[in-house]
Amino acid sequence: MLLLMSVVSKILRGLAYLWAAPTTALGLLLLLPALLTGGGVQVVCGVVEIHGGIVAWLLRKATPLEGGALALTLGHVVLGLNRDALDISRAHERIHVRQCERWGPFFIPAYFGGCLLAHMRGGRAYRDNPFEREAYENS
Ligand SMILES: [Zn+2]
């Protein structure tokens, strides 16, 4: 019975990676540019973490958050300013990884829909987004 549960668990994990793969692919597009601009990569518990180089520049300059973002999740890829930022934000970003596994290719449009919904309700587009609220409340 334990063997069956283990096999089923591995199949479900594989399906989660497959379902999130379109979003993960977007994150992986930044791997080579990050490495070519002085960044680095590590794999932590099945998640590719890319930091530094152009990724740091994008997080500082191309996110709508004041002062930029420490980290950002795209499927099973987490982009971070640096290794310290990845360490600090890991629990929060892993909630987003789980959300990507639930929403699959619909994660990005659903996330922006959450921003719009929060804004239309008079809240803050980022912090009142249901995806961010879940991540902040559980990390
Ligand atoms: Zn977040």
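Atoms within a ligand are numbered from 1 in the order they appear, just like the ligands themselves.
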Listed as residue and atom, the protein N/O/S atoms under 2.8 Å from the Zn ion (ligand 1) are His92 NE2, His96 NE2, Glu132 OE1, Glu132 OE2
Sequence neighbours excluded, the answer for side chain to side chain donor-acceptor pair (under 3.5 Å) partners of Thr23 is none
Practice problem: Check the angle between the aromatic planes of Phe131 and Tyr111 and answer parallel, tilted or perpendicular using the 30° and 60° thresholds. | Solution: tilted
Hydrogens and angles aside, do Gln99 and His96 bring a side-chain donor and acceptor to less than 3.5 Å of each other? yes
Exercise for review: May I ask you to check whether Glu101 and His76 show a side-chain donor-acceptor distance below 3.5 Å?
Suggested key: yes
For the residue pair Gln42 and His51, confirm or rule out a side-chain donor-acceptor distance under 3.5 Å.
no
Check whether any side-chain N or O of Ser139 sits under 3.5 Å from a backbone N or O of Ala135 as a donor-acceptor pair, and report yes or no. yes
